[in-house]
Amino acid sequence: EGGLPPLISLLSCFNLRLLELATATIMNLATNPENKVRIAQRGGIAPLIGLLPSSNDLVQEQAMGALCQMSMNAENKVKIVREGGLPPLVSLLRCPDEQVQEQAILALRSLSVNHMNEVTIVNDGGVPSMMELLLAPQEAIQLQAISAVRTLSASYENQAKIVEQGGLPLIIGLLRSPNVQVQEHAAGAIRNMATSVNLKAKILESDGLAPIIALTRSHSNTAQEAALASLFSLSFDAGALVKLAEYGGIPPLVQLLGSPNDEIQALSAGIARNLSASQETESELVEAGVLTPMILLLSSPNKAAQEHAASTLKNLSASAAHKVRMVQEGCIKPLLQMLPHPDAAIQEPAAVALRNLSAHPKNKDRIVSEGGLPYVIALLRSADKSMQEHGAMVVRNVSVNDQNEVRIVEDGALPPLIDLLRSPDSKLQELAAGAIRNISVNANNKILIVQEGAVPPLIALLSSSDDKIQEQAAVALRNLSVNPQNEVQIVQEGGMRPLVALLRSSNDKVQRQ
């Protein structure tokens, strides 16, 4: 304990031999975490910084090594910069001694973990020298340099300066390095920079997409994850999506949907979601086999992947080309099971997907036969208006099939549908009236619909300012009136006057009904 002060005092002596011994001893002592703190507390940082420009190679190397060790302590990171350590460290990046270079870049990398230092290193001219070291023939120096650049690139301000100094093509080049660690850090730097709206285009212009896609096949989870995170950020650009498909990026993404790594799985699903939203890439995505893994992800404990899966299926269900195939691959039950989900980010896309799928004639019976009605009818009672609308649309769509008319009533759809006739929302009124119109074709349903109290709200809708609502209500009442008892009740409930008034409607369809 008492030996440190005299040892540190030797750092200011003029005897080279003593300097060599003192710096060597302090460098060795600094490998101990507690000694890192003690040396700093005893004033050792300033004299070590003072020795960095030394003409004695051994003294310089050992002083550098000591500071490199001490920079691994959080408090020392601040003290080294406060004591003026950055300028000499940056200048040593161009030192002809490879070991000193490596120690200097390692120290700067360690210092850059501190946010304030991160900006200061760039402002003190560290970027140009680091860019040069990215081209170093020595793999160890190159590794430390790209690691430091990755840390610095976490700052938006630094990202712009790295690009200004010509760093982007160099970083992209290192994505192809034979050294996996270099690849990982380069991918990490691109991942940081891809979050910048201004730099996305530059990454694409610098031909960064192909090597990023190549890393999605890497055996390194770290490189794979960073590459996928970069692609996820880039995939919000329509042009990038097209290029991603052109460069063969879709098949590895689909394969990674089954990854045991949650982050990789979620990122792959997020990119697939964006691809599914583009008409130029959705078909290729489906042909690559995305449906099966996405359907499986609906029941995944990985919440982010689950959300992306629901959104992907929602997007794909909007295309007529995929509606039947999606059902054939077994998406109905998993989507139905998402309808009671408490998270709107999962419930909403699942409801929209079912709504879209129910529009296809071949899917209507499948939704009912696979037990979909109870789930869908529950949406009619939702407190969320959009969920009510999705549910009403599905019920209306499937109700056009004769065999579904009875099931819809048996499963309890009438009370909530009749409630929706009284909704202040015109879209819900129209959908509910349309569903009742369809199921009122069935003879037994005609009786049940009237018994449940549908006649008064249907009559009220005859006075709607919306022609579509008027038409649906008029047809429903016409269907119900085929039953003699219903005919009497419609008149008793005051239906004659609004029906007669509609004879003067400017809408031919309404008049005919």
Side-chain angles (χ1 to χ4, degrees), residues 269 272-273 276-277 282 285-286 290-300 305-401 403-405 407-413 416-417 420 425 427-428 430-432 434-436 438-439:
R273 180 202 67 191
S276 72
E282 62 172 46
L285 188 65
V286 172
V290 78
L291 290 177
T292 298
M294 281 298 184
I295 291 167
L296 290 173
L297 285 180
L298 286 177
S299 56
S300 170
Q306 192 181 37
E307 286 183 14
H308 292 317
S311 293
T312 300
L313 294 172
K314 166 188 169 181
N315 293 339
L316 295 174
S317 70
S319 170
H322 310 314
K323 293 182 193 293
V324 175
R325 185 168 179 176
M326 288 176 67
V327 172
Q328 289 172 341
E329 296 216 18
C331 74
I332 288 180
K333 283 188 177 178
L335 284 171
L336 289 169
Q337 289 165 357
M338 295 300 103
L339 294 185
H341 202 286
D343 188 344
I346 293 171
Q347 184 193 42
E348 188 272 343
V352 174
L354 283 163
R355 170 181 176 164
N356 292 339
L357 294 173
S358 70
H360 197 286
K362 291 185 178 180
N363 294 339
K364 299 180 191 299
D365 290 343
R366 287 287 294 271
I367 290 172
V368 175
S369 65
E370 293 194 28
L373 284 177
Y375 291 97
V376 175
I377 291 168
L379 292 184
L380 302 178
R381 299 184 176 91
S382 172
D384 186 322
K385 188 179 74 174
S386 64
M387 289 298 107
Q388 287 181 316
E389 183 178 323
H390 299 320
M393 181 72 83
V394 176
V395 172
R396 191 198 67 178
N397 287 346
V398 302
S399 67
V400 300
N401 284 22
Q403 58 267 42
N404 294 339
E405 293 169 359
R407 287 284 302 275
I408 289 169
V409 174
E410 287 177 345
D411 285 350
L417 282 173
L420 292 182
D425 184 89
K427 185 64 177 176
L428 289 174
E430 180 194 343
L431 291 171
I436 290 174
N438 292 339
I439 62 177

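Throughout, numbering of the chain's residues begins at 1 and tracks the sequence. Both backbone and side-chain heavy atoms feed into the values below; hydrogens, waters and symmetry mates do not.
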Set of side-chain hydrogen bond (donor to acceptor under 3.5 Å, both in side chains) partners for [X], sequence neighbours left out:
{"X": "R273", "result": "H308"}
{"X": "E282", "result": "S319, H322"}
{"X": "D365", "result": "N401, Q403, N404"}
{"X": "S358", "result": "N397"}

Taking only residues two or more places apart in sequence, or in another chain, which ones meet A345 in a side-chain contact (heavy atoms from CB on, under 4.5 Å)?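 Once residues adjacent in sequence are excluded, the partners of A345 under the side-chain contact (heavy atoms from CB on, under 4.5 Å) criterion are E307, D343.
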
Partners passing side-chain contact (heavy atoms from CB on, under 4.5 Å) against S399 (at least two apart in sequence or in another chain):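 S399: side-chain contact (heavy atoms from CB on, under 4.5 Å) contacts with I408, N438, I439.
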
Restricting to non-hydrogen atoms, name the atom on A309 and the atom on L297 that form the minimum distance, rounded to 0.1 Å. CB-CB, 3.7 Å

Those residues that, when tested against K314, pass salt bridge (charged side-chain N to carboxylate O under 4.0 Å, His left out) (two or more places apart):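 Once residues adjacent in sequence are excluded, the partners of K314 under the salt bridge (charged side-chain N to carboxylate O under 4.0 Å, His left out) criterion are E348.
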
What pairs of donor and acceptor atoms, side-chain ones from residues 329-340 against any protein atom, are under 3.5 angstrom apart with sequence neighbours left out?
| residue | atom | partner | partner atom | Å |
| --- | --- | --- | --- | --- |
| E329 | OE1 | T292 | OG1 | 2.8 |
| E329 | OE2 | R325 | NE | 3.4 |

E389 (side chain) donor-acceptor with L428 (main chain) under 3.5 angstrom: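 Side chain of E389 to backbone of L428, a donor-acceptor pair under 3.5 Å: no, none is there.
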
Judged by atom type as modelled, is there a donor-acceptor pair below 3.5 Å linking the side chain of N363 to the main-chain atoms of L357?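 Looks like yes, one N/O pair under 3.5 Å.
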
Inter- and intrachain pairs under salt bridge (Lys or Arg N to Asp or Glu O under 4.0 Å), touching residues 368-384, at least two apart: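 Residue pairs passing salt bridge (Lys or Arg N to Asp or Glu O under 4.0 Å), neighbours aside: R366-E370.
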
